[in-house]
Every structure is written in structure tokens, then in C-alpha cells.
Amino acid sequence: MKRLLKIAALGVGLVALLAIGGIYGASAYYTSQLGKGCANCHEMGEYFSVVHGAPHRNVGCMDCHEASLGTKLRHIRVHLFGRMPEAIRLRDVDVLEMVPNCQKCHQQEYAKWHAGPHSATYSQIFTNPAQNSRQHLMEDCLRCHGMHFDGSVRELVQPQNTQGPWHLLRKGLADQPTIPCQACHQVHREGPLEVRPQRRFSVAGQPVHDSLAYFDRRERIHFAATALTLPTLHDGARLVTISQDPRAAICYQCHAPRQPEAGTLAAANGWGPQVGSGDDRTAMGVHEGLSCFSCHNGHNQNARASCKTCHPQMSHCGIDVEKMDTTFASAKSPHNIHWVKCTDCHQHGIPKKKTAAPVKAQLVQTPGRSG
Amino acid sequence: MKRVNAVVVGAGAAGGIVAKELSTAGLSVVLLERGKWYTSNDCRKDDLRNQRTTLLGNAFGPEDEGNPRVWVDAKSVLHTAWPSEGDYQNDAACVGGGTLSYGAQAWRYMPQDFRMRSTYGAPAGSSLEDWPISYDDLEPFYEKSEYEIGISGDYSGTPFHGPRRRDLPMPPLPPGREFGILEPAAKRLGLHPFHIPMARNSVPYNGRGPCMRCRWCVGFACEVDAKNGSQNTVIPIALNTGNCELRTECMVKEILTDDRGRARGVSYFDSRGHLQEQLSDLVVVSGCATETARLLLNSKSKLFPQGLGNRFDQVGRNLQGHHYTGAIGYFDIETYDDVGPGATIAISDYNHGTPGLCGGGMLANEFIRLPIHSVDRLPTNTPRWGPGHKQAMRDWHRRTIVIMGPTQQIPTAEGRVTVDPTVRDKWRLPVVRISGNVHPDTFEIGAVQARRAEAWLKEAGAVSTTLMAGKPQVVSAGQHQAGTCRMGDDPKGSVVNRHCQIHDVDNVFVIDSSVHVTNGGFNPALTIMAIAYFASEALVRNWKGTGFRS
Amino acid sequence: MGGVAVAIGCTAHKRGNWDFLGDDEARTLGAICDQIVPADDFPSATQAGVLTYIDRQLVRHYRRHQDVYREGLVQAHAMSMKRFGQELAALSRQQQFEVVSAMEGEESRFFEMVRRHTLEGYYGSPRHGGNRDAVSWRMLGLAEPPLLGRAQYDLRKGSGE
């Protein structure tokens, strides 16, 4: 009996020693040589090699990713006994924990993003009575709000009806952003380096930073901005001119038009998707052809200060462009800055001497500076 | 476990409706489903792993592990098939059943479809029969299905369908490019094209929004919940009554009977694999044609040594689905518009009335295709690989139209489901064995239908065409499977009566496609739903009258 | 000590780039895949990640095909050595074409399988490692991800029943 106890004690001690050694040893191992330790497990190798061909090559794994005790134990368990997933990917908590790590270096971008609408939290988006009583919650909400969320919408918010009151099932998400940095930026590229395509396949033409990429919830991978599609839009039967700025392709993923609805004039006539349908806010009317980024800052979407880059402070009509009514929230408003037309104000015809206003001269893009 | 009024086995198209009808009538119901309650997030529009393209497995069940089946080919050789293989003849196993991921065509059968034997006579060697109920009996329940489930479309272009009291509740979705190409061609041929009825919201309906016209439709769960199945219509209503409990991942082992020959409930394996008993006043089996037959055949007892309802060896016979044939047309203009659901236009000119042919089928354009579907649907002279194949993909993926349709199968008694004497599934239950074939006349009709599809495509301007008219080695059942527990007035030639009650056992009901005597020339979902409403109404009426309590 | 646990783990897995394939096998298989989908204005099968696709599935859904691949790759290598005295990946495109055509001519189950799996990887969903950047879909002119806007409606205003 005594012997048995001794063996048991020895066994427990050994396990404890292994565990402690393992944990601290693993920490040291993980952080060694900017995370080369992580890469020694072949599962992680391809991710290491990819990031170390990227602008963040001098940043270690642990500078961006947390590796708590639980995470380490999970890694070891999966490595030893687990069924490897087809591709290693970040869980929603991993993505959210990265946000403050991005902030450490990108303070200004973070501050702008935080001040803007794209930092809206899970509770703001998913427990909003005005929204939830108007439309049913559905999986597709997560495509643009909470694209990293691991689960279905019914695992996020209950009840799934239009009566409410609604509450989040994972309380920890309440103050977390639905559109974190990783929604529009990628740091890694998925896949082993040696089969990386030799060139970018851009359908849009102009080069932009690789890091500017849309996280597609469906595939759970990023698509580089240059690989994304710009829409073809119509105003009635007329084809609308759209800026070919590839950065805007990311905006269009969520601010997207719809096919004409049943019963509309556009559907009856077989016209294509209409400008301004769905969540589309493509500039038309006097601003037709402008990119989203002509007016909006990529991180905070603020456009207030942008008018005077093109317009004199006081317009020809004597309206202060900084203070004029530029209602954007209502698609129906005639003042909506996205599609205000000359004729909306000049209902008896446009004065001749003002038709040649020098607006077009300012259309030059600087797409190299991604937002 | 608390005894309830009714156990419903299977939460698919029919089971969901039965659960809703019984629970709203005040009966206590346990709804057992062997699969899970999935959402679109569980599939995430995977081109290689969904419920139609199952190269990497079924998205909505059953999983390959532990769920084999056996099928017998034309030379009587036995094969084992896994659920993701075509020969398995799978129907989804999940809450909603096939209606979670179906294409959602929601057809009414025609009046003649219920009177096939009277209309055509039974070909030698077939088991063609009339239904004991008529289109007129079912019409109010078709209407109820159309309004409760939510159907869009427009039958007004066709004169061939039976009378109806109300129009569909929603207009059709705006037509796509293929509609614009095919409609004038059909009219030039003197045909009557119209908008396919679909269980899909074209406008907000039942508290859910309209279709977003995406590329991933048939085989996928809808992310905007615009596709209407039992999982987002009737099952939530049933659960909200407080009278219905849904238990998922529960595999029913057998229907339990007492020594007087009446059912007293079911035994099932729960999600942890423990055997449970749920006692009830009545049992409704809604497991789809193959699995319903298997459950009845596996429910053997002293009084029912051949299985429940099988006194005259009728359970499992007359298995049928649809014999799909058609044609692929290649065009010199772009036909593809990347707007779902793609299938928009149909004709039912050829369902009946062709001299010398015993029935026919509807023809429609195919659902929106994914690139993987084009890989083997290129013009016949295309190289199977190499630069020529890659170029052909670029040339033809956007310039193809597929027209096909479900040719009505002429059933035979030998096309059937039995249980395999040796192969067992992960619960150690004998598995389905599928054998026999449809009547050879079916292939003849199918070939004619394929040539008709080809003619339509050529009229629409196809520069070349390929016929699709195979002859499967075994009866084709799949997602349209039906017929294994035939409805009839004669107990010797059928399994259930006109109200879906098993002849032998008055408190066991089979309510699903198993009871279809013939399967029409249309996708069967709406008929399954209409029969579920029809049978539920009779069940509730009888419950309130004499009752089934033992 | 920490290294011990990790080291044990490493023995449990095969080291290298692949889950199933050996590096030699990957080279041979890659040459066959690139015959099936060669590069032109758009990438070849391997450039689009088809090897990753096949390799991942051979330890997952296609586990049952492992033997066919193992034996098939040995035969492909042998055929290449016999005809041209070099491994398949080292041959010219024309020589590779001859070897692969000969495999097809023999109605090899292995070749048919590789053909199918290559096309799946190339034209299937990018998440499985092939069709990188959804490049084949864009080759066909398909927007990926597609642009899909939200429906604007208000249930409180009596739309729907």
C-alpha cells in the first residue's frame, strides 16, 4: 500500500514537473527568434514563412497573438492527439484579442477607427431594438457584422424574433467590435510559400497594398482588394460611371447593391442592379465617378472635412459646404450627398455659366496609400 | 419519460407539418429527428460539400461514418454505398429534412397524376395504380401549404394544371437571362412557358425577407432565410405552442407494440447512444420513403413477424423517385447572369397526353450552376483535361443552358426497399437495401423528354447540344424518393388507407412521400406537404371524436 | 522540458510540407496536375494550390484513396523513368504530356482519380486549399465574393402576412 502511494506521489510529481516545465518551456520556445519556435511544429510552419515575407517580418508571433496557458495546452493537445483542421485559422476571440496589439503600433489608425461607425460593438448591432423589430435576424447579418464570429446567429443573440428584448448569448462580446482590424486587413497570407501565385490577379487594374483585403466569412479567408469585384450599376436603364479605385471594392462587399426587387420598374424592364439599391451608396448625380475614398477616410469614414478639398467653402449658391444638409442616412432624401443631382436644386434648368464647374479636375486617385 | 399523445418520427417536410398541426390542436407531441438542427453557417456555401455536390461529404446528413446502405445492380451484384455517394439515394437527415437545402420547387401534381392507371392502363410488369384520393380532395391542402409555407411563382401561363381557388401568395422573382432566352423560344414552339412555383420569398413574407439572388441555392441552406422549409415555418410554430418537444440526434430503433397489436410508442437511441423508450397514444412515421420502410420492417414482433404493416409484403415495394433526363445547350451568347436561383421557367405541356407514352414530366431550366458542375458538362468533343479543357471552361461555363425534368417513373413491385440481413449501421440496426428498377417504359419516356428539351434549346439558338438520358441500373429514388408504403383502399395491395393510417395498426400513421402511389412528373415537396396537412386534419378530427387512446 | 512534449508531438506527425505526400511524390503528382490544368494567362493547378487540396483530403475525406495514390505515383514514376530516364517533374512539358496520355490510355484508375480531384481542387471552394484567391472563378468571370446587398423592408409596416 505504502509502495503504491509512493509510486502515485512520484507520478503526480512527475506530471506536475512536466506541466510546469512544459508551460514555461513552451513560452520560451514560442517566443524564441521572433516565433520561429512556433514554426517548428510543421502545422504552423507555413504561416510563419508567409508572415516573414510580409511587412510585419520583424514582428514576433506573440506580439500580435496571445498565447495564454489555455491556448498552449490546446495547441499541445491538438498537436498530439487532435484531429487537425483543414486549415489553421483564428477563432473570433483570437481576432478580437489582436485589436489592442494592432493598436500598439497603429495608434492613429486605431483612434480613427474607434471614433467611426465601423467600431460598432456586438451589443450595438445585435441588440438594437429599432433594427431587430424591423427585420428578422439572419445568418447573413454576420457577413458584414461579426464576420469572425464562430457560430450561427442563433448562437449569438436570442430571442430570434421581432419582439425582443434581445440579449447576447456570449456576454463577453457585448463591448467587442463587430468589424475589427482583420475585417479589412490581412497580415498573413494563407498557404505554403512555394505554391504562392507568382503574380497578383487584379481584375481592377491598379495595385494596392496586399494587406488591404476583405475577410470573407463564407470561405474564412481574406480576398485581396485587387481580387475583388467592382459592381456594374444602373440608374434606370443608364449605365453609371463608377470609380475604378480597387480599394472601394472592399466597401462594396458590404455596401452592396441588390438585384431589382419583384414588382419594381427595374425588374419589369430587365435593367441591371440599380445604384442606391440595398446598401449601395455609389456616388452619382453631381458626384458620379468618385471613389468612396475621395470623400471618406478609410478608418473613420469621416467625410465632413472633405467637401472643401474640391469645392470653395461657400458654394456658388451661397451655401456653406461644411454645414449644408448632406443627409446620408436616408436613401430617400433628395439631399443625400451620394446622389444629389444638379436638377434637384435647379429645377428650372441649370444656369449656363455654372455648367462647367471645375469639379472633374479633382478626380485623380492616389490608390497607393491604402486606408 | 412522460407519455405523450403522439410521437412523430422525422422532422422533415411532412413531420414538421404533422407536429405543427397536432400540437396546435392541443395534442402533446414529441418530434424525433435523427439529424441535427443545422443553419447555413454549418455549410457556409461549400461548393464541394453541400447537399447536392457531395464530393467531400453531405453538409446536412447523414454523415458517411457508420451509415452504410446496400444496393443491388442489374446483375444482382451487391454494393455498399456511403451517404455521400449517389448510389446511396440519400435524402438529408436534419431538422427540416430535405427542405432545409432543397431547390424549393413547390409543384402541385396534376389531376391525371392521381389517376395514372385509369388514364393509361397499367403496362405489363408494372404496378401502376390510381391514388385512392383525387386532386380535388387535396386541392384545399395544396392551398394551405402554399400559404403556410410560402410559395412564389405564377401558373397563369399554363393551361394544363388543375383548378385552383386562390393564386399563389407571392409573385415570381424577376426573371433571369435564361428566362428571357427560353420564353420566346417555347412560345414559338407552341408551348406554354411559365414561372416555376418556388417555396422561396420573392417579397417579405411570414416575417422573413426576400431572396438575395445568390449563386448557392439548391443544396445549401439559405442565409437570408428566404427559402421556406419546415425548419423555419411550421416547426417553430409547433415549438411555440408549448405542446411539442423536438429531440435531435435521436435514431428510432423500432415502433413498440403491445400484445393486442397496437403501438405503444417507440424506442430510440438518443444523442449519447442510450436506448430510450417514448410511450405514446399514437405514432406517426415521417422518415422519407427509404427510412420509413426500414423502420417498419425493423419493427418486428410476435404479432408482426414481417414488420409492422407488412402482413401482405407491401412495405418497401413500388419505390420510385424521378428519372431525370434533358439536354445541355451551348450558345454563342452569354446565358449566365450569376443571379440565383437560376431555375425560373418551366413547361408542363409534356406531362400528359403524348400518344403511346404513359405519362411524361415537367421540363425546366436547371438551377444556377457552380464552376464544378461545368467540369463534366462541356461539349462532347472537349478534351477531358489539358489546355483544351481549361479553354472550354472559359468558353462554355457562361454560355450553357441545361433543361431537364423529372420524368414520372412507372413503378414496379420489384423496385423496393428491404432491410439487409448482414450490414448494420452504427446503432447496429439493419440497413436499407435498394433493389429492382422502374418499368422499362420509363426510359422510353425519358428519352423522348430529352429530345424535347433539346428541341427547345435549339429553338432558343443553341449552336450544339448534348442529350442527358441515362438508364440507371437500379431504381432512382434520391431526394424525390417515394412509394414504399402505398396508400390504398385494399389492404392486400397497399400499406396505409387514404388517411395514411396503417391498415393493420390503427394508431400508427405513415405521413410522408412513402404513401405516394405515383410520384407525378414534378418535384414532390408540395405534395408531401399537402398530404401531411390532409392526413393531419383527419387525424385531429378522429382524435377529437373517438380518440386513439388504448 | 517543454521541448520534450513538442518533440513527442513531432514524431506523431510526418515532418515536411505535406500531410500525406512525400516530397518526391508531391513533385510527380504536381507534374500530372499541371498537365490536367496547365498554366496559361491563369495559373496552373499547382500554382492555384491543387496539391494542397489533394494532400489535405487524402488524410481526410479521401483517406480511402491513399493506396491508389501511393501505387499510382510509383507507377507514374516508373513509367517516366522507363521512357525518358528521368523523374516526371524533370521532363519537358511534351514528354510529361506523353507519359500522362499513356496513363490515361491504360484506363488507369489512378489517373482518372487525379483528373477528378485536380478539377475539384481547381474549380472548387478556395477554403480547401485549391483555387487560391478563387482564381478559377474569376477566370470564368465570376465575382468572388459576390456583391449581395441587404433587402430594405420593415416588417412593422405590414409587408408580408
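Within every chain, numbering begins at 1; the chains are lettered A, B, ... in the order of the sequence lines, protein sequences first and strands thereafter.
Between C/R63 and B/E65 there is a salt bridge, since a side-chain N of the basic residue sits under 4.0 Å from a carboxylate O of the acidic one. The existence of a salt bridge linking B/D376 and C/R115 is confirmed by a sub-4.0 Å separation between a basic side-chain nitrogen and an acidic carboxylate oxygen.
For chain B, the option among C/E104, C/R116, C/Q57 with the highest count of heavy-atom pairs below 4.5 Å is C/E104. Interface summary for chain C: among B/D338, B/D395, B/N201, B/L55, the most heavy-atom pairs under 4.5 angstrom belong to B/L55. Contact count versus chain C (heavy atoms, under 4.5 Å) is highest, among B/C214, B/G386, B/G57, for B/G386.
B/K390 approaches C/P38 most closely through the heavy-atom pair NZ-O, 2.7 Å. The two residues C/L119 and B/I372 make their nearest non-hydrogen contact at O-CD1, 3.9 Å. Scanning both residues, B/M212 and C/L148, for their nearest heavy atoms gives O-CD2, 3.5 Å. Heavy atoms only, all atoms of each residue included: C/L140 and B/M393 are closest at CD2-O, 3.4 Å. Considering all non-hydrogen atoms of both residues, B/S84 and C/H61 come closest at OG-NE2, 3.8 Å.
Atom NZ of B/K144 has more than 12 heavy atoms from other residues, nucleotides or ligands within 6.0 Å. Other residues, nucleotides and ligands contribute over 12 non-hydrogen atoms within 6.0 Å of the CZ atom of B/R164.
Heavy-atom distances place the side chain of B/V375, and not its backbone, under 4.5 Å from chain C. Contact of B/R213 with chain C is made through the backbone alone, with heavy-atom distances under 4.5 Å. Residue B/D64 touches chain C through its side chain alone, counting heavy-atom pairs closer than 4.5 Å. Heavy-atom distances place no part of C/H117 under 4.5 Å from chain B, backbone and side chain included. Residue B/E223 does not touch chain C at all, counting heavy-atom pairs closer than 4.5 Å. Residue contact with chain C, scored on non-hydrogen atoms closer than 4.5 Å, is absent for B/R49. When heavy atoms are compared at a cutoff of 4.5 Å, C/E112 approaches chain B solely by way of its side chain, counted from C-beta outward. Neither the backbone nor the side chain of B/W82 comes within less than 4.5 Å of any heavy atom in chain C. Of the two parts of C/A39, only the backbone, made up of N, CA, C and O, holds a non-hydrogen atom closer than 4.5 Å to a non-hydrogen atom of chain B.
The distance from atom CZ of C/R127 to atom CG of B/L48, rounded to the nearest 0.5 Å, is 8.5 Å. Residue C/F111 holds its CZ atom at 6.5 Å from CZ of B/R384, rounded to the nearest 0.5 Å. Note: B/R398 CZ to C/L142 CG = 5.5 Å, rounded to the nearest 0.5 Å.
In this structure, the side chains of B/W385 and C/I32 stay at 4.5 Å or more apart for every pair of heavy atoms. Side-chain contact between C/Y153 and B/P210 is present, with at least one heavy-atom pair separated by less than 4.5 Å. Between B/L370 and C/W137, the closest side-chain pair of non-hydrogen atoms is not below 4.5 Å. Using a 4.5 Å cut-off on side-chain heavy atoms (C-beta onward), B/R394 and C/D40 make contact.
Under a 3.5 Å cut-off, the side chain of C/S125 and the backbone N or O of B/D46 do not form any donor-acceptor pair. Between the side chain of B/R215 and the main chain of C/P146, no donor-acceptor pair closer than 3.5 Å is present.
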Practice task
In sequence, state the C-alpha distance, the side-chain angles, and the governing distance for B/H389 and C/V37, and then conclude on side-chain contact (heavy atoms from CB on, under 4.5 Å).
Solution key: CA-CA 8 Å; B/H389 184 272; C/V37 183; 5.9 Å; no

